[in-house]
*Asks:* 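I have a structure I would like to understand better, so I am pasting it below and will then ask my questions one at a time.
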Amino acid sequence: MLTAFVAVTLTFFALRLGGGDPTDSLMAQNLVAPEQLAAVRASLGLDQPLILQYASFLAGLLRLDLGVSLFNKRPVLTVIAEQLAPTLQLATAGLLMAILLGLGLGILSAWSRKRMAADGARWVSNLATGLPVALTGILAILLFSVTPLGHLPGMSLGWTRGLLLPALVLGFASAGAIARAVNTELTRSRSEPYMSAAAARGLQHGPRLLWHALRPALPLVISLCALQAAFLFAGTVVTETVFSRPGIGRLLVSSILQRDYPVAQGLVVLAALIYTLSQVVADSLALLVDPRLRGGS
Amino acid sequence: MNGRLGVALAIAWLGAILVFALLAPLLSTHDPLQPVAAPLNGPSLSMPLGSDALGRDVWSRLAYGARLTLAAATLSTTLTVVIGSVLGLAAAASGGWTDRTIVAAANAALAIPGLVLAMLIVAAIGPSLTAVVLAVGLGAVPGFARLARTTFLQVRERAYVTASGALGAGRWWRARHHLLPNAWPSLASLTTTHFAWALLGITTLTFLGLAGDPSLPEWGAMLNSGRQHLLDAPRLALLPGLAIALTVLAVHRLGDRSAAGGSSGGSSG
């Protein structure tokens, strides 16, 4: 909670002290006439001392009031809420893809008895961490619009283009880190005594033995996924731009380019909240999965 | 890709890019900013990679792009590493409330994902390439400071540092003569990983148009403007995209190599 508060404060002062008055850009775009300037500044509260502005910002935050957009004068919360649904869809689908791809690649690279498959999986997960989302997005679009792949039955449906492809691109970017962690943990747990014990009890090299090895690794994987959830927020910005999807990512970019401070500020506050929440959820999930964490404290 | 060959290829690619960046004025055949041919010309003898949507020479733009992109990534990495290491060293060497304050501040800033923090800084300064360099550099300081602090703390726990303390060496003497030189190898490996992150961060922000000027011959901006002609001239987006990807992958490969026993993951949080 304290962390989120400091982050919010940081956001407020970074935007205020960074120089540049939001009314400059309003003037430049002819949205405000010079003679109205003083009145507009007063209505936005910009004529007050910084510390008073900060106080009223915090008071507003407690009432879930993030101020109004400088451009269309609509409440920031409404502007963000309108764009939230498509981003939530994309981020959820993307996280799902990241977990599926990450687990799959990680297990394959640590567990496959075929050298080729293991090396291939490791190679793909290295690729996933290195390729910029913008490039994978463009490659995916090209692949589906130039090759016959796009004409497969079902591939022309709105939701495949609209959600599946962006989610795959977004998830792929996060899958590399997850795959790496799964690989490391599985390789390490293989030499643990409980694995020899399980083998001695007659568990074959198969799904049951894999679960035996994977379970102790899950807490780490879960906390990594929580980190990736915060990272996904940044990833959606690019994915939405590449696929021309509406969403809060594009809202963030346009609010920065227009210097619409209240909206940018609201979105950064949202990002900090999502991060803090995902940490809490990850911690309780880890407790649920791993009995070793429950006993101690 | 297996060990040796991968490293050799990575070094070859990075060397080639570096030459490209240094010798851009000699290697380029046309002015990267002026239209010199009809728009969207295919590859020809005088223009091996064709022209872009405004008739500018793609080859020359890529060459100058190497210069601009690498310089931006190097500058912002330097910013992160210098400020981050100083903060990390101050925290590790002094302990007590200085340490607690620095760690608390870093953790709070880390609640904002690195790239969003960078975008916040661009928002504060106003969109330009300088703002992007500053933003990516400063945005990564909290993460790097925390990693650097951990590295310095590991050195501080070694017996010879304790011994020199027992012999009467002061805190800052130990910081300068023990912590800094002995943490150097780990810091260098962190820096390598971070460079790849900075390159990705910078090209991502310029891709989003946050460098302000879309005519800049910079790989991220070129990737963005190439998007408009994805179907009729896919090379306009693919070439700068591949240049970014190969450079990042090559740096990763060298980072993995040098981080034999060190930490990995960079400051992507």
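Proteins get letters first, then strands, A, B, ... in listed order; numbering begins at 1 in each.
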*Asks:* Nearest 0.5 angstrom please: B:Ile112 CD1 to A:Ile274 CD1, how far?
*Replies:* 12.5 Å

*Asks:* I'd like to verify something: which residue of B:Leu199, B:Leu210, B:Thr204 has the highest number of heavy-atom pairs under 4.5 Å with chain A?
*Replies:* B:Leu210

*Asks:* Please flag which part of A:Ala271 lies under 4.5 Å from any non-hydrogen atom of chain B: side chain, backbone, both or neither.
*Replies:* both

*Asks:* So for B:Leu246, is it side chain, backbone, both, or neither that comes closer than 4.5 Å to the heavy atoms of chain A?
*Replies:* neither

*Asks:* For chain A, find which of B:Leu115, B:Leu120, B:Val248, B:Val116 contributes the most heavy-atom pairs closer than 4.5 angstrom.
*Replies:* B:Leu120

*Asks:* Check whether A:Val269 gets within reach of chain B through its side chain, its backbone, both or neither, counting any heavy atom under 4.5 Å.
*Replies:* neither

*Asks:* With only heavy atoms counted, which part of A:Val237 is less than 4.5 Å from chain B, the side chain, the backbone, both or neither?
*Replies:* both

*Asks:* Would you say A:Val268 and B:Met119 make side-chain contact, with heavy atoms under 4.5 Å?
*Replies:* no

*Asks:* Which answer fits B:Leu200, side chain, backbone, both or neither, if we ask what part of it has an atom under 4.5 Å from a heavy atom of chain A?
*Replies:* side chain

*Asks:* Using a 3.5 Å cut-off and no angle test, enumerate the donor-acceptor pairs between side-chain atoms of residues 129-140 of chain B and protein atoms at least two apart in sequence or in another chain.
*Replies:*
none

*Asks:* With a 4.5 angstrom heavy-atom cut-off, is it the side chain or the backbone of A:Leu139 that approaches chain B, or both, or neither?
*Replies:* side chain

*Asks:* Are B:Arg227 and A:Ile141 close enough that some pair of their side-chain heavy atoms sits under 4.5 Å apart?
*Replies:* no

*Asks:* At a heavy-atom distance under 4.5 Å, which candidate from A:Val133, A:Val253, A:Leu131 has the highest pair count against chain B?
*Replies:* A:Val253

*Asks:* Can you confirm whether A:Leu135 sits close enough to B:Ile244 that some side-chain heavy atom of one is under 4.5 Å from a side-chain heavy atom of the other?
*Replies:* no

*Asks:* My understanding is that only residues two or more places apart in sequence, or in another chain, count here; which of them pass ring-ring contact (aromatic ring centres under 6.0 Å, His included) with B:Tyr64?
*Replies:* none

*Asks:* I want to check something: taking the side chain as every heavy atom from C-beta on, are B:Phe207 and A:Val238 in contact at a cut-off of under 4.5 Å?
*Replies:* yes

*Asks:* Answer whether the closest heavy-atom distance between the side chains of B:Pro127 and A:Leu257 falls below 4.5 Å.
*Replies:* yes

*Asks:* To the nearest 0.5 Å, tell me how far A:Ile256 CD1 sits from B:Leu208 CG.
*Replies:* 8.5 Å

